[in-house]
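Report on the structure given below.
The basis for the numbers below is simple: all heavy atoms, side chains too, and nothing from hydrogens, waters or symmetry mates.
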Amino acid sequence: NSFFKTKKYIADQATKAVFSLIKKARNMHLSIDLQLELFDKLVKPILLYGCEVWGFGNIEVIERVQLKFLKSILKLKTSTPNYMVYGEVGIMPLKIDIYTRMISYWGKICRADYNANLVSTFIYYAARSYYNCCNITNRSFYFRWIHCIKSILCNCGFSGIWENNDFPNQKWLSLSIKQKLTDIYLNEWYQNVQMDKNYRLFKKSFIFENYISKVPYNMLPYIISFKTRNHKLPVEIGRWNKIEYNRRHCDLCKQDIGDEYHYLLICNNLKDIRKQYIKPYFYRRPNILKYEQLLNSKNMKILTSLAKFIKYIYDINSENTS
């Protein structure tokens with residue numbers, strides 16, 4: 001009564017495809033957006049193969065393949081929060097596709113008036129009759145697929161469809177479920193972003209960030225790491241070492257808290273080099289609004305200069321702490 005081996009086998013096969021894709025992408029110097037498109041065309045079909053049947057239960061082993069790929073091409077640590085990874089590229093978890101396909105398949109077999117002669121329809125109604133007679137514990141253990149279908153429909157506000165098997169058509173059902181699942185995830189994503197004091201300053205919507213396709217590939221990791229705190233500045237090192245927030249001082253000036261905002265626009269020890277890379281508008285009378293505008297700039301020249309300045313910050317901070 002488990003598809004764990006199936007999911008693991010599919011994940012292993014998809015992982016091989018991912019390694020091949022990454023290797024070829026690096027050799028051919030493919031852009032991030034093109035790599036994402038190739039993942040959708042080449043790897044995602046492997047991950048979703050047969051998910052209409054095995055999609056219930058724990059699908060973390062499947063989700064992990066996509067997350068590893070995203071973190072690899074963005075050069076992020078494995079400990080980077082998932083909401084940051086998905087948010088930067090504007091990609092939804094695979095769970096949404098899996099649940100949508102499960103409901104689409106359920107929509108095909110549950111319409112007894114159209115599919116009365118199908119073996120799958122006969123088995124489904126036989127299993128559902130047993131499901132309705134069992135207690136709650138036995139329902140969730142022996143009829144996991146049916147229980148998952150019911151949970152998806154009820155969580156999306158379609159409990160009436162579950163009870164009556166009545167819906168306009170299969171296409172409408174699939175589109176409606178996908179939209180509901182997307183809305184539920186986006187609501188959770190926004191909540192996670194709002195709890196992050198740094199990331200919420202410049203991440204306002206769940207979209208593919210343009211800088212990923214504009215900034216030169218060799219400079220891109222500096223901006224991404226800066227926005228997602230994949231660095232070794234005092235504010236992050238202090239968190240690792242469980243140092244109180246107000247004691248995580250800048251290693252250069254030893255005054256303010258050594259966070260991204262301080263290094264980018266405030267620190268006096270970086271005044272001269274800052275003038276070379278950042279426009280005066282941003283560092284004269286700096287504030288959070290200007291900080292947000294700088295990191296969300298659409299101008300490739302500004303973003304490239306920003307990446308170079310961040311690289312300098314990392315280098316001088318590394319020299320100072322070594």
Side-chain angles (χ1 to χ4, degrees), residues 3 6-7 10 14 33 36-60 62-63 65-67 69-70 82-83 85-118 120-121 123-125 127-128 131 143-193 203-209:
F3 279 99
T6 301
K7 298 173 187 176
I10 290 174
D33 52 342
L36 294 174
E37 185 176 351
L38 288 173
F39 180 88
D40 285 342
K41 299 295 190 301
L42 302 176
V43 182
K44 199 171 180 180
I46 301 175
L47 288 170
L48 300 183
Y49 183 77
C51 66
E52 296 87 349
V53 176
W54 53 255
F56 62 89
N58 189 347
I59 55 175
E60 183 180 352
I62 301 294
E63 294 281 9
V65 176
Q66 178 172 262
L67 279 170
F69 171 74
L70 295 177
N82 294 343
Y83 64 85
V85 181
Y86 288 133
E88 289 301 294
V89 294
I91 290 179
M92 294 286 176
L94 292 174
K95 175 178 69 174
I96 294 176
D97 289 311
I98 292 174
Y99 285 175
T100 301
R101 290 194 180 198
M102 288 181 68
I103 294 298
S104 178
Y105 179 62
W106 173 82
K108 289 181 180 179
I109 66 175
C110 76
R111 301 296 289 268
D113 49 341
Y114 298 120
N115 305 314
N117 296 325
L118 292 179
S120 56
T121 299
I123 294 176
Y124 165 72
Y125 277 101
R128 179 161 175 168
Y131 174 83
F143 301 96
R144 294 180 179 178
W145 187 85
I146 295 178
H147 189 73
C148 183
I149 294 294
K150 178 182 178 181
S151 298
I152 296 170
L153 289 170
C154 292
N155 290 339
C156 292
F158 293 132
S159 56
I161 292 179
W162 164 255
E163 296 293 339
N164 304 319
N165 293 343
D166 184 25
F167 48 89
N169 54 67
Q170 184 187 343
K171 183 178 181 180
W172 175 89
L173 180 63
S174 298
L175 292 176
S176 299
I177 287 294
K178 187 170 186 177
Q179 186 60 53
K180 286 288 185 179
L181 291 172
T182 300
D183 292 341
I184 292 172
Y185 173 75
L186 287 179
N187 184 52
E188 295 175 355
W189 180 83
Y190 279 113
Q191 290 179 4
N192 288 327
V193 170
K203 189 60 179 179
K204 305 299 182 181
S205 56
F206 189 87
I207 57 173
F208 177 84
E209 295 295 340

How long is the straight-line distance from CD of E63 back to OH of Y86, given to the nearest 0.5 Å?
4.5 Å
Reported NZ-to-CG distance for the pair K7 and L47, which is rounded to 0.5 angstrom
13.0 Å
Parallel, tilted or perpendicular, as decided by the 30° and 60° cut-offs, for the rings of W145 and Y105
perpendicular
So, using side-chain contact (heavy atoms from CB on, under 4.5 Å) as the criterion, who are the partners of F158 when residues are at least two apart?
L153, C156, I161, W172, S176, I177, K180
Which residues pass the side-chain contact (heavy atoms from CB on, under 4.5 Å) test with K171, not counting sequence neighbours?
N169, L175
Closest non-hydrogen contact found for C148 with Y99 is SG-CE2, 4.2 Å
Looking only at atom types and distance, does a side-chain atom of T121 sit under 3.5 Å from a main-chain N or O of I109, one as donor and one as acceptor?
yes
Can K150 be said to sit on top of F56's aromatic six-ring, NZ or CZ under 6.0 Å from centre and within 45° of the ring axis?
no
Are D183 and Q179 close enough, and set up right, to give a side-chain hydrogen bond (donor to acceptor under 3.5 Å, both in side chains), and what steps lead you there?
CA-CA 6 Å; D183 292 341; Q179 186 60 53; 3.0 Å; yes
Residues which pass ring pair (Phe, Tyr, Trp, His ring centres under 6.0 Å) with Y83, listed by chain and number, not counting sequence neighbours:
none
Any residue meeting salt bridge (charged side-chain N to carboxylate O under 4.0 Å, His left out) with K178, in chain and number order, not counting sequence neighbours:
D97
Rounded distance (nearest 0.5 Å) linking atom OG1 of T182 with atom CG of N187:
12.5 Å
So, the side chain of Q66 versus the backbone of V43: is there a donor-acceptor pair under 3.5 Å, distance only?
no
Just to verify, what does E209 make a side-chain contact (heavy atoms from CB on, under 4.5 Å) with, not counting sequence neighbours?
E88, K203, I207, Y211, I212, K227
All heavy atoms of P93 vs all of Y185, minimum pair found to be CG-CE1, 3.5 Å
Quick check against the 3.5 Å criterion: does S104 have a side-chain atom that pairs as donor or acceptor with the backbone of T100?
no
State the CE-CH2 distance between M102 and W54, to the nearest 0.5 angstrom.
9.5 Å
So side chain to side chain donor-acceptor pair (under 3.5 Å) across residues 152-168, not counting sequence neighbours, yields Y125-N165, R128-N165
Distance from I103 atom CD1 to I98 atom CD1, nearest 0.5 Å?
13.0 Å
Please state whether the rings of F167 and W106 are parallel, tilted or perpendicular, taking 30° and 60° as the class boundaries.
tilted
At their closest point, which heavy atom of I91 faces which heavy atom of F206, and how far apart are they?
O-CZ, 3.2 Å
Could you tell me which non-hydrogen atom of V65 sits nearest to which non-hydrogen atom of A14, and how far apart they are?
CG1-CB, 4.1 Å
For a quick test of reading the model, state the closest non-hydrogen atom pair linking R101 to C51 and the distance between them.
CD-SG, 3.5 Å
